[in-house]
A.B. asks: 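Next up is a structure, given as structure tokens.
Quick note on labels: first sequence line is chain A, next is B, and so on, each numbered from 1.
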Amino acid sequence: DQQVKQNSPSLSVQEGRISILNCDYTNSMFDYFLWYKKYPAEGPTFLISISSIKDKNEDGRFTVFLNKSAKHLSLHIVPSQPGDSAVYFCAAGFYNQGGKLIFGQGTELSVKP
Amino acid sequence: DAMVIQNPRYQVTQFGKPVTLSCSQTLNHNVMYWYQQKSSQAPKLLFHYYDKDFNNEADTPDNFQSRRPNTSFCFLDIRSPGLGDAAMYLCATSFLASLSYEQYFGPGTRLTVT
């Protein structure tokens with residue numbers, strides 16, 4: 001039973017446009033959600049997070065939206081840059097479980113000049 | 001720079017031959033995690049240490065063990081690797097007393113089983 005799903009394995013966007021990466025989850029009890037970016041041959045790096053009590057968090061070009069009724073979150077990157085090309089993972093966790101995270105399968109973003 | 005270091009980056013082992021992967025951190029974080037990631041799949045948590053307390057995931061095979069001799073180091077031991085254990089192994093750390101719950105990842109060790 002996969003609790004966190006990223007249904008799009010890949011996304012291609014033109015430089016300067018908006019990239020929207022989507023993530024769905026099944027467990028309404030998750031306390032927080034995070035997005036990670038991963039370049040080849042490197043470990044995932046933290047991008048942005050959101051608590052389950054909020055519906056939006058913004059950090060520079062990155063904004064995460066949380067729709068609890070739909071059990072859906074999305075990451076918006078505006079404007080997209082070629083350096084944003086990477087695999088993006090969403091993850092979810094519980095406060096009372098030692099900080100463990102459940103990851104989605106990832107979406108590979110390609111930003112074309 | 002504070003970081004999470006994994007050694008080796010690439011490991012080749014033979015079927016059934018024990019192998020140990022190493023992780024160290026200079027972040028002084030109290031929690032260390034081991035994930036297994038197979039191609040195009042989500043990283044899957046194997047176990048984690050909260051300080052010295054070991055927490056195994058229910059579906060982690062007995063073939064996988066871990067040791068944390070001190071705050072800085074954590075090891076993943078695969079007692080009898082099978083072909084299905086070929087994967088990227090990611091170590092991560094976090095500091096749970098803080099208000100944020102992000103994990104910091106090492107670069108991973110890619111394990112090949114021949």
A.B. asks: Would you give the length of the straight line joining atom OH of B/Y50 to atom NZ of A/K100, rounded to the nearest 0.5 angstrom?
C.D. replies: 15.5 Å
A.B. asks: Hey, could you give me the CZ/NZ distance between A/F103 and B/K44, rounded to the nearest 0.5 Å?
C.D. replies: 13.0 Å
A.B. asks: Who among A/A41, A/S51, A/G93 has the most heavy-atom pairs with chain B under 4.5 Å?
C.D. replies: A/A41
A.B. asks: For B/Q41, is it the side chain, the backbone, both or neither that has a heavy atom under 4.5 Å from a heavy atom of chain A?
C.D. replies: backbone
A.B. asks: According to a 4.5 Å side-chain heavy-atom criterion applied to Ile, Leu, Val, Met, Phe, Trp and Tyr, with indirect links allowed, do B/Y33 and A/F30 form part of one hydrophobic cluster?
C.D. replies: no
A.B. asks: Go through the atoms of B/R110 and report whether side chain, backbone, both or neither lie under 4.5 Å from a heavy atom of chain A.
C.D. replies: neither
A.B. asks: Closest heavy-atom contact between B/P43 and A/F89?
C.D. replies: CD-CE2, 3.8 Å
A.B. asks: For the interface with chain B, which of A/V87, A/L34, A/I102, A/L101 has the highest count of heavy-atom pairs at distances below 4.5 Å?
C.D. replies: A/L101
A.B. asks: What residues of residues 52-60 of chain B sit under 4.5 Å from chain A when you count only heavy atoms?
C.D. replies: B/E57
A.B. asks: Is it possible for you to say whether A/L66 and A/L21 belong to one hydrophobic cluster, with membership spreading through side-chain heavy-atom contacts below 4.5 Å?
C.D. replies: yes
A.B. asks: Check the surroundings of atom NZ in A/K68: do more than 12 heavy atoms from other residues, nucleotides or ligands lie under 6.0 Å from it?
C.D. replies: yes
A.B. asks: Quick check on the hydrophobic clustering: are A/I48 and A/I77 connected, directly or via other members, by side-chain heavy-atom contacts under 4.5 Å?
C.D. replies: yes
A.B. asks: Do A/Y25 and A/I50 share a hydrophobic cluster, counting only Ile, Leu, Val, Met, Phe, Trp and Tyr and linking them when any side-chain heavy atoms are less than 4.5 Å apart?
C.D. replies: yes
A.B. asks: Sort B/Q6 into side chain, backbone, both or neither according to what part of it lies under 4.5 angstrom from a heavy atom of chain A.
C.D. replies: neither
A.B. asks: Working to the nearest 0.5 Å, report the span between NZ of A/K38 and CG of B/L90.
C.D. replies: 7.0 Å
A.B. asks: Does atom CZ of A/R17 have more than 12 heavy-atom neighbours from other groups under 6.0 Å away?
C.D. replies: no
A.B. asks: Is there a side chain to side chain contact (heavy atoms under 4.5 Å, CB included) between B/F105 and A/F46? Walk through the geometry before answering.
C.D. replies: CA-CA 9 Å; B/F105 283 82; A/F46 170 72; over 6 Å; no
A.B. asks: Answer yes if B/F95 and A/F94 sit in the same cluster of Ile, Leu, Val, Met, Phe, Trp and Tyr residues linked by side chain heavy atoms under 4.5 Å apart, and no otherwise.
C.D. replies: no
A.B. asks: So does A/W35 get a backbone contact from the side chain of B/E102, meaning a donor-acceptor N/O pair under 3.5 Å?
C.D. replies: no
A.B. asks: Would you give the length of the straight line joining atom CD of A/E108 to atom OG of B/S40, rounded to the nearest 0.5 angstrom?
C.D. replies: 8.5 Å
A.B. asks: Can you tell which part of A/Y36 gets under 4.5 Å to a heavy atom of chain B, answering side chain, backbone, both or neither?
C.D. replies: side chain
A.B. asks: So which atom in B/A42 and which in A/G104 form the shortest heavy-atom distance, rounded to 0.1 Å?
C.D. replies: CB-O, 3.0 Å
